[in-house]
A.B. asks: 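One structure follows; several queries about it will come next.
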Amino acid sequence: MTRFEEQLKEAMARREPSGDFTARVLAKANREAAGGAGNSWRDWFRAPMAWRFAGAAACAVLLATSGSVMYEQHERAARGEAAKDKLMTAVRIAGVKLQQVHRHVLQVEAMEANQ
Amino acid sequence: MKWRLTAGVVAAMLAAPLWALDEIHGMAGLDRLAAKAKEAVDVTLDTSMLQLASGFLSPNDPDQARVKKLVAKLKGVYVRSFEFDRDGEYSPSDVEGIRASVKGPGWTRIVGVKEMKGGEDSEVYLKKDGNQLAGIVVIVAEPKELTVVDIDGPIDPQELSELGGHMGIPKFGKSQGKPEKGAGKGDQ
């Protein structure tokens with residue numbers, strides 16, 4: 001028997017597992033079982049088709065409603081800002097033109113007083 | 001035949017409010033001037049739009065706070081202002097619709113100034129409801145500029161004059177300039 005064959009025989013010899021081997025295997029099995037029960041996405045895909053459809057429809061309605069509300073608020077703000085700008089312009093023009101008329105009247109009165 | 005009659009009635013019903021709005025404020029004849037004008041301002045704010053605009057006025061901004069107080073009770077604000085490149089782009093008849101609309105009961109022309117030399121024609125009409133001022137219409141017609149302001153609703157002239165010196169509006173007060181020759185005052 002050569003040296004190499006002796007080493008091979010020694011490596012392939014039967015050995016008994018350590019004393020805590022059974023406990024470690026059981027602990028790992030329990031951990032995997034506990035983790036699998038809490039996986040909601042796996043449950044979701046395992047649920048019946050009707051439940052999946054209902055959930056998707058509820059999400060779609062929620063998204064559409066919130067999107068509509070946000071769009072409406074944005075539109076209202078835009079209309080309000082535009083109306084505000086128009087109002088400020090209108091008041092400015094009204095004030096300038098009334099002042100212009102007032103000045104005009106004063107000039108005429110002054111001219112009549114001078115005559 | 002029946003559907004044509006129904007369609008006609010529906011069309012008339014839909015068009016009536018627009019027609020009434022223009023006729024009330026007499027501004028229908030002015031809108032076509034926008035095509036000839038170098039600059040045109042068109043402001044139409046009815047009660048609902050005024051309320052909407054008022055909600056966006058900031059109470060922290062002094063100018064906006066003044067405007068908010070001024071427009072609180074108004075029913076509408078309508079402005080048409082046109083600036084032209086040349087003289088004669090509009091005719092006096094264009095303003096006749098406005099004048100006709102302020103000849104009704106309650107309206108009084110308080111200022112009518114016609115400047116012979118410069119061609120500026122200024123008119124102010126007030127609407128009174130009892131002792132309260134219920135509206136004001138200002139028409140300022142210059143050779144190259146025409147402005148009509150129609151403020152509908154109770155307005156306090158004092159609040160309006162307080163805007164002078166703010167928002168780019170000159171302060172109301174005694175005229176500093178010399179009187180121009182050729183000016184003639186209308187009925188007051």
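Chain letters run A, B, ... following the sequence lines, proteins first, then strands; residues in each count from 1.
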A.B. asks: Check whether B:Leu45 gets within reach of chain A through its side chain, its backbone, both or neither, counting any heavy atom under 4.5 Å.
C.D. replies: side chain
A.B. asks: Here's a test for you: under side-chain contact (heavy atoms from CB on, under 4.5 Å), which of B:Val137, B:Asp46, B:Val149 qualifies with B:Tyr78?
C.D. replies: B:Asp46
A.B. asks: Which bit of B:Ile139 is near chain A, if near means a heavy-atom gap under 4.5 Å: side chain, backbone, both or neither?
C.D. replies: neither
A.B. asks: Heavy-atom distances under 4.5 Å only: say whether A:Ala77 touches chain B with side chain, backbone, both or neither.
C.D. replies: both
A.B. asks: Under the ring pair (Phe, Tyr, Trp, His ring centres under 6.0 Å) rule, what do B:Tyr90 and B:Phe82 come out as? Steps first, then yes or no, please.
C.D. replies: CA-CA 10 Å; B:Tyr90 70 94; B:Phe82 306 99; 8.6 Å; no
A.B. asks: Determine whether more than 12 heavy atoms belonging to other residues, nucleotides or ligands lie under 6.0 Å from atom CG of B:Asp129.
C.D. replies: no
A.B. asks: Check whether B:Glu120 gets within reach of chain A through its side chain, its backbone, both or neither, counting any heavy atom under 4.5 Å.
C.D. replies: both
A.B. asks: Hey, which of B:Thr147, B:Val138, B:Leu70 has the most heavy atom pairs under 4.5 Å with chain A?
C.D. replies: B:Thr147
A.B. asks: Looking only at the side chains, is there a donor atom on one of B:Tyr125 and B:Glu123 sitting less than 3.5 Å from an acceptor on the other?
C.D. replies: yes
A.B. asks: Determine, for B:Asp121 against B:Arg99, whether the closest basic-nitrogen to carboxylate-oxygen distance falls under 4.0 angstrom.
C.D. replies: yes
A.B. asks: With chain A, which of B:Leu50, B:Ile136, B:Leu57 has the greatest number of heavy-atom pairs at distances under 4.5 Å?
C.D. replies: B:Leu57
